[in-house]
Amino acid sequence: MERFYTFVLMANQDDKFKKVISHAKEYGYVFQSSEIYDGLSAVYDYAQNGVELKKNIRDYWWRAMVQMHDNIVGLDASILMHPTTWKASGHVDAFNDPLIDNKDSKKRYRADVLIEDYCAKIENKIDKEVAKAEKRFGETFDKAEFVSTNPRVLGYQEKIDTILKRMGESLGNEDLADVKALIEELEIADPLTGSKNWTEVKQFNLMFGTKLGASAEHAMDLYLRPETAQGIFVNFLNVQKSGRMKIPFGIAQTGKAFRNEIVARQFIFRMREFEQMEMQFFIKPGTQKKWFEHWKETRMKWHKSLGLGEENYRFHDHEKLAHYADAATDIEFKFPFGFKELEGIHSRTDFDLKQHEEFSGKKLQYFDHEENASYTPYVLETSIGLDRMFLAVFSNALQEEELENNTTRTVLKLPAVLAPFKAAVLPLVKKDGLPEVAQQIVDDLKWDFNIAYDEKDAVGRRYRRQDANGTPLCITVDHDTLNDNCVTVRYRDTMEQKRVKIEELHDIIKQEVDVKTWLQKM
Ligand code: ATP
């Protein structure tokens with residue numbers, strides 16, 4: 001049995017991210033869209049393994065949100081919606097990002113992201129101070145106390161707070177000149193060229209337009225939906241009535257959304273066509289604080305059930321609230337390029353339903369039998385990007401390990417419940433009846449699990465291939481199998497091997513990949 005003992009740390013974050021992207025391509029997870037035509041910027045295709053991983057993430061979310069809650073139901077609304085939807089929701093007027101161009105490099109940036117990245121650099125300085133102090137004080141180090149008392153850290157933190165507060169106010173007041181002034185005062189340079197020669201800041205609407213109808217005169221201007229949420233709001237009463245739903249209840253939906261992002265350079269982190277998994281939870285007005293806390297905690301538990309490392313998550317409460325929200329937080333994940341938003345949890349008040357009432361002229365109210373009164377429900381939203389979740393899982397899983405025999409192995413330690421293939425069946429050699437036995441094992445197991453079959457190359461190389469593919473178990477059929485009906489099971493993460501009876505295989509795989517076992521960790 002092979003053994004590993006140390007991790008080979010990938011040289012730096014950039015390096016790690018490059019490896020993630022090339023591994024995703026090489027192992028059939030993610031391809032650039034229309035690659036033969038040199039691709040389309042920030043648009044990607046999920047390949048044979050990627051589509052399985054993505055489906056499994058979606059299922060894991062759906063099970064936790066819909067199947068496990070008797071007061072949450074699903075919906076699949078269309079991508080195209082009546083254009084008034086987007087006037088009511090505020091997207092036509094306010095779904096803008098502030099953009100700024102660099103006059104020398106001709107590169108375009110999001111002004112708020114340039115400022116946030118500047119703050120992230122100050123935050124790195126805080127992290128360094130903490131790491132230094134941790135080393136100095138050893139076991140007695142109290143991080144919370146240190147960051148709340150150390151003058152240097154407090155100075156850095158104050159600087160971050162002042163910058164973000166000013167940016168929030170300027171954006172809120174549409175004072176774009178001040179956003180530019182802030183960039184200049186902070187001497188923020190183009191990250192690619194170092195130039196500080198900036199244009200004015202302008203607003204840019206992120207919605208993609210399209211047309212409905214065959215003749216030019218009668219065509220109707222539509223938008224590709226920039227979020228799935230509005231499909232839920234406009235169906236609120238249909239679902240409530242037909243499903244006899246009682247408040248509090250939720251409607252969940254997964255589906256494509258489209259945003260003409262200004263800067264989209266981070267692989268599948270920021271795409272122009274992406275998939276969201278959203279749940280809108282309709283509640284009694286006045287109970288939003290309680291439900292906000294509830295969903296914050298519940299969603300964080302869902303993330304942690306996957307075992308990607310507790311230290312890789314944090315909440316980021318919003319200072320600047322969107323026009324529809326009275327509280328908002330992001331669940332941030334430590335991607336290869338640092339902590340970034342993975343999921344948003346928003347207390348949306350009755351903004352959306354009231355707006356749709358006003359623009360449609362139809363009542364969207366709920367009659368509460370206990371209160372004997374009608375009201376417009378408040379809404380608590382949980383909204384996660386499926387592609388960002390994919391990137392979180394995939395980048396966290398990709399590791400290089402140094403083995404005892406001085407070789408390295410690339411291993412994709414995907415949570416077994418999400419892995420595209422749950423096991424690979426490998427006949428030791430391509431003759432003597434072993435492939436037939438292996439194929440029979442595949443045929444028996446494939447009713448319940450996605451199973452790979454591989455007979456090419458030496459078995460060691462096949463193990464490596466399955467490691468890099470993220471397959472949690474390999475099942476090897478050898479000559480002894482013909483006599484004792486036993487096979488060797490090899491575990492991806494520990495490389496431990498054990499001899500088991502063929503009829504035990506189903507239970508062994510189930511134990512590793514059963515959704516119930518994973519979700520019960522919540
Ligand atoms: P960001 O600040 O990163 O642009 P956002 O706050 O606009 O994101 P929301 O409108 O809250 O994002 O959307 C909910 C979720 O959808 C996000 O948490 C993210 O996971 C995902 N998402 C948003 N925009 C994109 C995108 N362009 N590509 C991939 N996923 C996205």
Side-chain angles (χ1 to χ4, degrees), residues 30 33 40-44 46 54 57-58 61 86 89-91 94-99 109-117 119-120 164 167-168 171 204-208 224-233 252-280 295-296 299-300 302-303 313-325 327-335 337-348 351-352 379-395:
V30 182
S33 157
L40 187 63
S41 160
V43 186
Y44 291 91
Y46 286 87
K54 195 174 170 198
I57 297 173
R58 195 190 294 111
W61 182 86
W86 307 110
S89 67
H91 283 80
F95 194 52
N96 300 323
D97 274 342
L99 69 82
Y109 295 94
R110 255 174 71 176
D112 55 334
V113 172
L114 285 177
I115 296 170
E116 279 166 7
D117 286 349
C119 292
L164 291 182
M167 180 179 86
L171 287 173
F204 174 77
N205 193 291
L206 301 184
M207 282 198 292
F208 279 104
L224 301 183
R225 66 180 176 196
E227 62 176 27
T228 55
Q230 300 303 326
I232 295 180
F233 296 131
Q253 156 158 255
T254 70
K256 287 277 174 103
F258 302 82
R259 297 184 187 177
N260 197 0
E261 297 279 0
I262 298 171
V263 186
R265 292 196 193 107
Q266 281 165 322
F267 191 39
I268 56 171
F269 179 82
R270 192 173 295 287
M271 302 156 90
R272 297 205 160 95
E273 172 180 342
F274 60 101
E275 192 164 337
Q276 291 186 310
M277 306 191 286
E278 295 199 306
M279 194 279 296
Q280 311 294 332
W295 282 110
K296 256 176 93 165
R299 292 302 305 144
M300 189 58 113
W302 179 85
H303 284 285
Y313 297 91
R314 70 181 187 194
F315 284 114
H316 172 239
D317 294 330
H318 287 206
E319 292 270 326
K320 177 195 159 222
L321 292 170
H323 56 282
Y324 53 76
T329 195
D330 295 336
I331 294 179
E332 293 189 337
F333 183 78
K334 197 169 184 191
F335 288 96
F337 37 82
F339 272 102
K340 294 273 177 203
E341 172 178 345
L342 171 59
E343 170 158 9
I345 295 156
H346 310 123
S347 172
R348 294 183 77 119
F351 176 84
D352 304 275
V379 172
L380 215 291
E381 165 183 82
T382 71
S383 173
I384 171 169
L386 175 49
D387 314 87
R388 272 192 204 177
M389 186 62 198
F390 184 110
L391 182 59
V393 169
F394 190 86
S395 59

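Quick caveat: nothing in here was measured; it's all calculated off a predicted structure. We count ligands from 1, going down the list as the structure has it; atoms in each ligand are counted the same way. Computed over heavy atoms, backbone and side chain alike; hydrogens, waters and symmetry mates excluded.
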### Summary
Under 4.0 Å between heavy atoms, the region of Leu342 that gets near ligand 1 turns out to be backbone
### Query
Do Tyr46 and Val30 have side-chain heavy atoms sitting under 4.5 Å apart?
yes
### Mode of Arg110 contact toward ligand 1 - side chain, backbone, both, neither (heavy atoms, under 4.0 Å)
side chain
## Note on the structure
Near Glu343 (heavy-atom distance under 4.0 Å), the atoms of ligand 1 are 18 (O)
### Task
Taking the side chain as every heavy atom from C-beta outward, state whether Phe274 and Arg388 have any pair of such atoms under 4.5 Å apart.
no
### Query
Minimum heavy-atom separation for Glu332 to Phe339, with atom names?
OE1-CB, 3.9 Å
### Message
To check your reading of the model: name the closest protein heavy atom to atom 14 (C) of ligand 1, its residue, and the distance in Å.
### Response
Ser383 OG, 2.9 Å
### Message
Give me the nearest non-hydrogen protein atom to atom 22 (N) of ligand 1 as residue plus atom name, then the distance to 0.1 Å.
### Response
Phe274 CE1, 3.5 Å
### Message
Are any of the N/O atoms on Glu341, whether in the backbone or the side chain, positioned under 3.5 angstrom from an N/O atom of ligand 1?
### Response
yes
## Note on the structure
Note: Glu227, heavy atoms under 4.0 Å from ligand 1, region reported as neither
### Query
Should Met271 be counted as touching ligand 1, given the test is an N or O pair under 3.5 Å?
yes
### Message
Please enumerate all residues that pass salt bridge (charged side-chain N to carboxylate O under 4.0 Å, His left out) together with Glu278, with sequence neighbours excluded.
### Response
none
### Query
Which ligand 1 atoms does Glu261 reach within 4.0 Å, using its non-hydrogen atoms?
24 (N), 26 (C), 27 (N)
### Query
Hey, does Gly385 come in under 3.5 Å of ligand 1, counting only N/O atoms on both sides?
yes
### Query
Looking at atom 19 (C) of ligand 1, what's its closest protein heavy atom, distance included?
Arg388 NH1, 3.5 Å
### Message
Test of understanding: given a 4.0 Å heavy-atom threshold, classify the contact between Arg270 and ligand 1 as side chain, backbone, both, or neither.
### Response
both
### Task
Name the orientation class of the two ring planes belonging to Tyr324 and Phe351 (parallel below 30°, tilted from 30 to 60°, perpendicular beyond 60°).
tilted
### Query
Within a strict 4.5 Å, meaning less than it, do heavy atoms of the Gln266 and Leu391 side chains meet?
no
### Query
Just heavy atoms, cut-off under 4.0 Å: does Met389 contact ligand 1 by side chain, backbone, both, or neither?
neither
### Message
Would Arg259 count as a polar contact of ligand 1, with the cut-off being nitrogen or oxygen pairs under 3.5 Å?
### Response
yes
### Message
Within the 4.5 Å heavy-atom criterion, are Trp302 and Ile384 side-chain neighbours or not?
### Response
yes
### Query
Purely on distance, is any nitrogen or oxygen of Ile268 under 3.5 Å from one on ligand 1?
no
### Summary
The ring-ring contact (aromatic ring centres under 6.0 Å, His included) partners of His303 (sequence neighbours excluded) come to Tyr313
#### Entry: ring pair (Phe, Tyr, Trp, His ring centres under 6.0 Å) between Phe335 and Phe333, intermediate numbers included
CA-CA 6 Å; Phe335 288 96; Phe333 183 78; 5.4 Å; yes
### Message
Suppose we measure from atom 29 (C) of ligand 1 to each protein heavy atom; which comes out shortest, and what is that distance?
### Response
Phe269 O, 3.2 Å
### Query
Between the candidates His346, Gln276, His318, which shows the shortest non-hydrogen contact distance to atom 13 (O) of ligand 1?
Gln276
### Task
Write down the atom of Thr329, the atom of Lys296, and the distance for their closest heavy-atom approach.
CG2-CG, 3.6 Å
### Message
For Arg259 versus Phe208, what's the shortest heavy-atom pair and its separation?
### Response
C-CE1, 3.4 Å
